[in-house]
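Quick notes on the structure that follows.
On a predicted model such as this, the values are computed, not experimentally measured, just so you know.
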Amino acid sequence: RDDRMDQWHAREQRHAVAEIAKQFSRLDEAVANLKRVKANLKNFETALLREAVEGRLLPGSVGGWRTVQVCEAGDVLLGRQRGPQYLTGRYPRKYLRVANVKDDAIDFGDIETMDFDEVHFAKYRLLPRDILVSEGQSPELLGQSAIFCGYDEPLCFQKTLHRFRAYPKVTTPEFAQIVFRAHVRTGVFRRLGSITTNIGHLTLEKFRAAPFPLPPLAQQHRIVAEVDRRQSVLRELEAEVEANMRRVEALRQAILSTAFAE
């Protein structure tokens, strides 16, 4: 009788393991599908940015376009070098560095401090709607940028970042940000940069001379509005994908908990 009971338990265990493996296989397939959807959403965004700067996003939007250099569209400044002489001093100020700048977002979670006297503070202080562009970064992220929208205290920026301040009669920060993001996604900044080991550098000279597609201001506003509209849809879809990824992981944990509880 004990042998029969052991055999029964063994069959039940094998059945349970097989069932868990089958469920996990389905979950793995779901995760793979969600990852493909997420990759496709990124490809859609890249195509959106490309069309926006090539005049193909809106019907009849290519009239009056020209290409200038970045330095003709806005004032460009490379940040303050982080030297030992600035680590302590009478004027400690918080500053942003490349680690704080993500794709179209700024992370204020880890801000460092160094000395900026009044002259350097006036020069390197960020103003709302300045764009920060990475100077040194992994090659595929070289030139990654975000619009600075303000902070609860004054901030400066370090040499790993360029600051772009749009000329109001030429362009808007929002359109310039679309241009810079498109340059990252399509490899323009990577081709302009110099790659050493696994780090790319977009020098001040190369960034200033980078191409800047320039439609009339009225068209820029229309393009920005359309990009915002389509990106909001993409963000909603991406949020749904992330939510489904969390549901899959929760199901995986539930299956394990149920199996071990038995």
Side-chain angles (χ1 to χ4, degrees), residues 1-54 56-57 98-110 134 137-147 177-178 180-191 195 197-200 223-262:
R1 182 178 299 176
D2 289 341
D3 289 343
R4 289 198 298 271
M5 185 63 70
D6 289 342
Q7 291 173 1
W8 181 82
H9 280 301
R11 285 196 301 272
E12 287 298 307
Q13 287 175 353
R14 287 195 296 271
H15 176 73
V17 169
E19 185 62 26
I20 290 173
K22 183 171 69 174
Q23 296 299 329
F24 273 19
S25 178
R26 290 174 178 171
L27 292 177
D28 289 341
E29 184 179 355
V31 168
N33 288 333
L34 289 170
K35 286 182 177 179
R36 281 194 290 271
V37 171
K38 192 170 182 178
N40 286 336
L41 290 176
K42 185 171 183 179
N43 291 336
F44 290 150
E45 185 178 44
T46 297
L48 170 64
L49 295 170
R50 185 195 295 270
E51 290 178 3
V53 300
E54 291 180 353
R56 297 186 289 114
L57 185 63
V98 70
N100 300 111
V101 177
K102 313 301 180 184
D103 178 26
D104 208 27
I106 296 178
D107 179 6
F108 296 104
D110 181 21
S134 66
Q137 183 64 280
S138 56
E140 68 277 7
L141 300 178
L142 189 59
Q144 190 168 254
S145 61
I147 298 177
Q177 174 66 353
I178 291 172
F180 298 152
R181 295 187 71 213
H183 282 357
V184 174
R185 294 292 185 91
T186 60
V188 172
F189 283 149
R190 180 171 183 168
R191 290 191 293 272
I195 311 299
T197 316
N198 293 323
I199 299 296
I223 291 169
V224 168
E226 183 61 18
V227 169
D228 285 348
R229 186 186 70 80
R230 297 191 190 186
Q231 279 192 317
S232 67
V233 175
L234 292 176
R235 282 193 292 268
E236 289 177 5
L237 292 173
E238 186 173 12
E240 186 61 30
V241 169
E242 293 293 342
N244 285 329
M245 294 278 275
R246 291 192 294 271
R247 292 188 189 104
V248 169
E249 185 56 32
L251 282 172
R252 196 187 303 274
Q253 295 302 320
I255 291 170
L256 288 173
S257 297
T258 302
F260 284 114
E262 295 174 352

Could you give the distance from CZ (Arg56) to CZ (Arg50), rounded to the nearest 0.5 Å? 7.5 Å

Is there a donor-acceptor pair under 3.5 Å between the side chain of [X] and the backbone N or O of [Y]?
{"X": "Arg191", "Y": "Thr186", "value": "yes"}
{"X": "Asn100", "Y": "Asp107", "value": "yes"}
{"X": "Gln177", "Y": "Ser145", "value": "yes"}

Are [X] and [Y] ion-paired here, with the side-chain N under 4.0 Å from a carboxylate O?
{"X": "Glu238", "Y": "Lys42", "answer": "no"}
{"X": "Arg185", "Y": "Asp103", "answer": "yes"}
{"X": "Arg26", "Y": "Glu29", "answer": "no"}
{"X": "Arg247", "Y": "Glu240", "answer": "yes"}

Note, Ile199 side chain near Gln137 side chain (heavy atom, < 4.5 Å): no

Would you mind reporting whether Val101 and Ser134 have side-chain heavy atoms less than 4.5 Å apart? no

Mind checking whether His183 and Phe189 have parallel, tilted or perpendicular rings, split at 30° and 60°? perpendicular

Search all heavy atoms of Leu142 against all heavy atoms of Val184 and return the closest pair with its distance. O-CG2, 3.5 Å

